[in-house]
Every structure is written in C-alpha cells, then in structure tokens.
Amino acid sequence: MKVISAALLALAASSASAFAPSNTFGVRSTELEAKKSIEDIADTLKGKRVLVRCDVNVPLDGKTITDDTRIRSSIPTIKFLQEKGAIVTVCSHLGRPKDGPEDKFSLGPCAERMSELLGDTVTLAPDCIGDEVAKIVADAKEGDVIMLENTRFYKEETANDPDFVEKLAKPFDLFVNDAFGTAHRAHASTEGVTKFLSPAVSGFLLAKELEYLDGAVSNGKTPMAAIVGGSKVSSKITVLDALLDKCDKIIIGGGMVFTFLKAKGLNVGTSLVEDDFVETAKEVLAKAERLGKTVLLPSDIVIADAFSPDANTQIVAADAIPDGWMGLDNGPDSTAEQKAFLADCKTVIMNGPMGVFEFEKFNKGTFGIVDILADITDGGAITIIGGGDSVAACEQSGKAGRMSHISTGGGASLELLEGKVLPGVAALADK
C-alpha cells in the first residue's frame with residue numbers, strides 16, 4: 001500500500017506553506033469574520049471528540065495517489081486539534097460511488113498518506129456510521145486521529161437525510177468544517193451535522209480559502225486581473241460575468257478562446273467552439289467595452305492537425321487559422337503580451353489553463369503564464385490559483401509554492417467568485 005512517489009513527498013515539503021494560517025493578505029472576508037473558527041474555541045478542545053469534514057477527494061491511479069494536495073491542505077487543522085488535546089475524526093468523500101461501498105473508492109490510501117504527513121497513525125474505520133465506529137471513537141485517546149470510511153457509500157450523504165445525519169454526528173461533541181471543496185454543497189457531512197453538533201466552526205483551510213477568494217474579489221488591491229481558461233464558455237460564463245464587474249483586466253485562454261474568436265468573425269478551423277454561446281461571447285466583449293475593461297485574447301495560436309500528443313503543429317496568427325486545423329495552445333507572442341498585461345497588477349486570480357497542457361507540445365502557454373504569476377508574486381502581487389487544472393499545472397511546473405494561495409476547491413471556488421453563499425459556510429456558528 002505504501003506506494004508514494006518521491007515527487008509527492010517533495011511536494012509535501014515545498015508547498016505546505018500554501019495551506020498554513022496566513023496574515024499576508026490584508027483583506028478578510030466579511031462572511032468569514034462573522035463565523036467562529038477553531039482558534040475561537042481553542043481552550044475548550046481538550047478531551048473533545050471532534051468531527052472534522054476534510055476534502056481528501058484526491059485523484060488515484062488504482063490505489064496510488066497521484067496528487068495529494070488536498071490531503072496536505074488538511075494537515076494544519078488536524079495538527080492544531082491534536083496539539084490542543086482533541087480526539088480527531090476525519091470524514092470525507094472520494095469519487096462518486098454508484099450504489100454502496102466500492103473498494104476503488106475506499107479512503108484507505110488517504111488514511112495512509114495522512115498518517116505519513118502527520119507522522120502519527122491514522123486509524124481507518126470500517127464505516128462512517130454505526131456501533132463499530134462509535135466504539136473506535138469512544139476508545140480513542142487525546143491526540144488520536146481516526147478517518148471514517150467514504151461518506152458517499154451512503155446515498156443519504158448527498159441527500160442530507162436527517163436520520164443519516166444524526167447517526168453520523170452521534171459519537172461527537174463538536175464539528176469543524178475544513179472542506180472548502182465541498183462547502184458549496186448542503187450535504188450531510190457539510191451542512192447537516194451542524195444541526196446536531198455545537199459549536200460548528202471553520203478550520204484553517206476553509207478560513208484561508210475565504211480570506212483569499214472572497215477577500216480578493218470584495219476588496220483586493222488594484223489593478224486586479226482575472227485569467228479565465230478551460231475548454232468551455234458554458235462552464236465559466238457566470239464567473240466571467242461576475243469578474244468583469246470586479247476586475248480591471250481579463251485574460252481569456254484555453255478552448256473557450258475559439259468561441260470568442262468566432263464571435264469576432266474569425267475563422268477557427270476545427271477548433272472547439274460552442275456555437276450556442278457565440279452570442280454570449282459577443283455580449284461579454286460588449287460588456288467589457290461598456291465598462292471600460294480590457295479583455296486580452298491570444299494573438300497567436302499553436303495549431304494541430306489532430307487532437308493528439310503526436311500531431312503535426314505550427315504557430316499562426318489568431319486570425320489565420322486554416323481549415324482542417326485546431327487551436328490547442330497559446331503561441332509565444334501571446335505569452336509575451338500576457339506578461340506585459342499583468343506587469344502592474346496587484347491581485348490576479350487564475351481559473352483554468354491556457355491550452356491542452358497534458359500534451360507536451362501544447363503546455364507552453366499554460367506553463368508560461370504560471371511562470372509570469374510566480375514572478376509577479378515575488379514582486380509583491382497577490383496570486384490566487386483556483387480550479388483543478390490550474391492547480392495541477394502549478395504543481396507540475398514546480399511553481400505552486402511561489403503562489404500566494406492555491407485553492408482546493410473547483411466548483412466552490414467558482415461559486416464564491418460568482419458571489420454565491422456557500423451552505424457549508426452559512427451553517428457555521430456565528431461569533
């Protein structure tokens with residue numbers, strides 16, 4: 001079972017600081033300031049049985065964790081609880097089990113990795129509810145860490161079923177939510193348990209996510225820029241619209257570029273285009289012009305004759321994509337323009353890659369903008385990376401540790417940037 005790569009072990013050391021409590025960002029979320037955190041109840045934790053909702057929904061290759069970012073991000077909260085004498089029990093989901101327990105979605109690898117990072121044994125319970133779980137929790141000593149089995153082995157978890165919620169909460173005295181990645185879901189283990197466990201407070205990760213993401217959008221230092229990438233306009237249009245209201249500059253990258261290029265009347269060959277959103281793209285560009293905001297689209301494109309890592313490629317101007325070819329990355333001129341575009345920015349939010357960075361031939365645009373963000377962070381800018389692909393690109397480039405904040409939430413990041421209330425935060429105790 002102990003198949004953890006040296007690269008993962010190195011990452012644990014290099015970017016652990018991205019998740020520790022921080023005062024480097026001068027803005028606090030008003031939503032967060034109204035909620036209690038574990039620091040507010042530190043003197044009451046000794047001997048308490050604490051249920052901690054973490055997000056250890058990590059990618060796996062069989063039983064091998066390929067990116068342990070989310071597990072690493074949970075460590076500061078768990079260590080704090082241990083040091084205060086709490087009996088810590090972690091719960092989480094993993095994947096999308098269809099109908100009951102599935103071995104491939106067991107949290108066994110997560111418990112093992114967490115144990116390695118903590119330097120303490122993490123006991124994996126055989127279930128998340130029931131008498132056996134209750135006995136394990138009751139028999140645990142101060143400082144012990146337990147991990148419940150996958151909460152989504154029960155369909156009642158996502159349904160927030162009251163009977164299931166009561167069973168899940170029964171062995172515990174209080175609740176800590178440190179799972180920003182699921183805070184936008186009103187599930188049993190994120191929102192339901194707060195009706196049975198009091199106080200319900202935030203952990204360090206949830207607090208830091210809100211501090212950076214909500215704080216940046218609400219009152220970030222200017223000039224402020226957003227980098228919005230990914231394959232589809234349809235999945236980013238709401239956040240793009242919200243960011244246009246808040247940001248001074250917008251960079252658009254990834255597959256969604258070609259819907260915008262088509263909206264400008266350009267030929268895009270066989271590039272990915274959402275024809276139903278061409279008019280939407282026109283509206284975004286018109287809104288930006290109306291608000292006096294600058295939207296930067298790539299000026300040159302790396303094109304390919306097939307969607308393949310071995311495809312033939314060439315670099316062409318964005319207005320010169322030939323028939324039969326598809327755009328899969330930004331060109332070098334675009335990266336140079338992005339560098340100049342972001343040079344004076346004090347706050348930058350990135351959500352989505354610039355191209356198909358999983359293929360080596362098409363990773364230069366994404367890694368190029370990651371390099372730019374690392375450099376401006378060194379110069380004092382606040383850089384916030386959200387979304388799984390953006391985080392993965394930062395990790396792969398070795399630059400994650402140079403960013404101000406790496407977000408663990410995909411959908412939660414988008415919803416917070418859109419200005420939505422997160423149920424998992426709203427349910428926490430007020431100060």
Side-chain angles (χ1 to χ4, degrees), residues 1-2 4-24 37-39 41-42 45 48 50-60 64-94 107-125 140 142-148 174-183 189-190 201-212 385 388 391-392 394-395 400-401 403-409 412 424:
M1 290 274 295
K2 291 187 180 293
I4 304 294
S5 71
L8 281 181
L9 291 170
L11 283 172
S14 68
S15 56
S17 61
F19 307 104
S22 168
N23 296 314
T24 58
S37 76
I38 51 175
E39 290 182 299
I41 61 168
L45 290 169
K48 294 294 177 65
V50 182
L51 179 65
V52 186
R53 184 33 161 113
C54 294
D55 181 9
V56 299
N57 183 31
V58 294
L60 293 168
T64 301
I65 296 169
T66 56
D67 181 357
D68 67 350
T69 300
R70 288 179 170 178
I71 299 176
R72 283 184 287 116
S73 71
S74 68
I75 298 302
T77 291
I78 294 169
K79 281 193 170 183
F80 179 86
L81 293 168
Q82 285 183 289
E83 290 165 2
K84 296 299 179 182
I87 299 156
V88 184
T89 300
V90 173
C91 70
S92 180
H93 76 287
L94 177 65
L107 293 188
C110 302
E112 183 177 349
R113 181 62 181 139
M114 184 174 285
S115 176
E116 292 175 342
L117 292 170
L118 286 171
D120 280 320
T121 299
V122 175
T123 301
L124 179 68
E142 292 180 6
D144 284 352
V145 181
I146 301 158
M147 184 178 288
L148 303 183
L174 59 94
F175 175 65
V176 175
N177 191 350
D178 210 30
F180 176 71
T182 56
S189 65
T190 60
V201 302
S202 73
F204 290 129
L205 174 64
L206 183 62
K208 190 177 183 189
E209 292 276 16
L210 291 170
E211 176 186 351
Y212 272 89
I385 313 300
V391 173
C394 289
E395 297 283 10
M403 305 301 172
S404 303
H405 181 63
I406 301 287
S407 177
T408 59

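Counting begins at 1 with the first residue of the sequence.
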Check your understanding: In terms of ring plane angle, is the pair His405 and Tyr212 parallel, tilted or perpendicular, where the classes change at 30° and 60°?
Key -> parallel
Exercise for review: List the atom of Glu209, the atom of Ile406, and the distance in Å for their closest heavy-atom pair.
Suggested key: OE2-O, 4.2 Å
Review point. Nearest heavy-atom pair of Cys91 and Ser189: which atoms, and what distance?
Key: SG-CB, 4.0 Å
Review point. Side chain of Asp178, backbone of Leu206: donor and acceptor closer than 3.5 Å?
Key: yes
Practice item. Measure the spacing between CG of Leu51 and CD1 of Ile87 and express it to the nearest 0.5 Å. Key: 13.0 Å
Study note, to complete from the structure: In this structure, CD of Glu395 is separated from OG1 of Thr69 (nearest 0.5 Å) by 4.0 Å
Check your understanding: To the nearest 0.5 Å, how far apart are CD1 in Ile41 and NZ in Lys84?
Key -> 11.5 Å
Check your understanding: How many angstroms lie between atom CG of Asp67 and atom CG of Leu60, to the nearest 0.5 angstrom?
Key -> 10.5 Å
Review point. Salt bridge between Glu211 and Lys208, side-chain N to carboxylate O under 4.0 Å?
Key: no
**Study point:** Test side-chain contact (heavy atoms from CB on, under 4.5 Å) applied to Ser407 and Phe180, step by step
**Key:** CA-CA 9 Å; Ser407 177; Phe180 176 71; 3.7 Å; yes
**Study point:** From Ile38 atom CD1 to Leu81 atom CG, the distance as rounded to the nearest 0.5 Å
**Key:** 5.0 Å
Practice item. Identify which one of Leu107, Val56, Asp55 satisfies the side chain to side chain contact (heavy atoms under 4.5 Å, CB included) criterion when paired with Leu94. Key: Leu107
Practice item. With rounding to the nearest 0.5 Å, note down the distance linking CG in Leu117 to CD1 in Ile71. Key: 7.0 Å
Review point. With distance as the sole criterion, is a donor-acceptor pair present between the side chains of Arg53 and Thr190 under 3.5 Å?
Key: no
Check your understanding: Hey, does Ile78 have a side-chain heavy atom less than 4.5 Å from the side chain of Val90?
Key -> yes
Point to revise | Sidechain-backbone polar pair: Ser202 side chain, Asn177 backbone, donor-acceptor under 3.5 Å | key: no
Review point. Is it the case that Arg70 and Ser73 place a side-chain donor and acceptor less than 3.5 Å from each other?
Key: no
Study note, to complete from the structure: Note: Ile65 and Pro109 closest approach over all heavy atoms is CD1-O, 3.5 Å
Practice item. Locate the shortest heavy-atom distance separating Thr121 from Ser115; write the atom from each residue and the value. Key: CA-OG, 3.6 Å
Practice item. Please lay out, stage by stage, how Leu118 and Ile75 fare under the test side-chain contact (heavy atoms from CB on, under 4.5 Å). Key: CA-CA 7 Å; Leu118 286 171; Ile75 298 302; 3.9 Å; yes
Review point. Is it true that a side-chain atom of Thr77 and a backbone atom of Ser74 form a donor plus acceptor pair closer than 3.5 Å?
Key: no
Revision key, fill the gap. Here the pair of heavy atoms bringing Met403 nearest to Cys394 is CE-SG, 4.0 Å
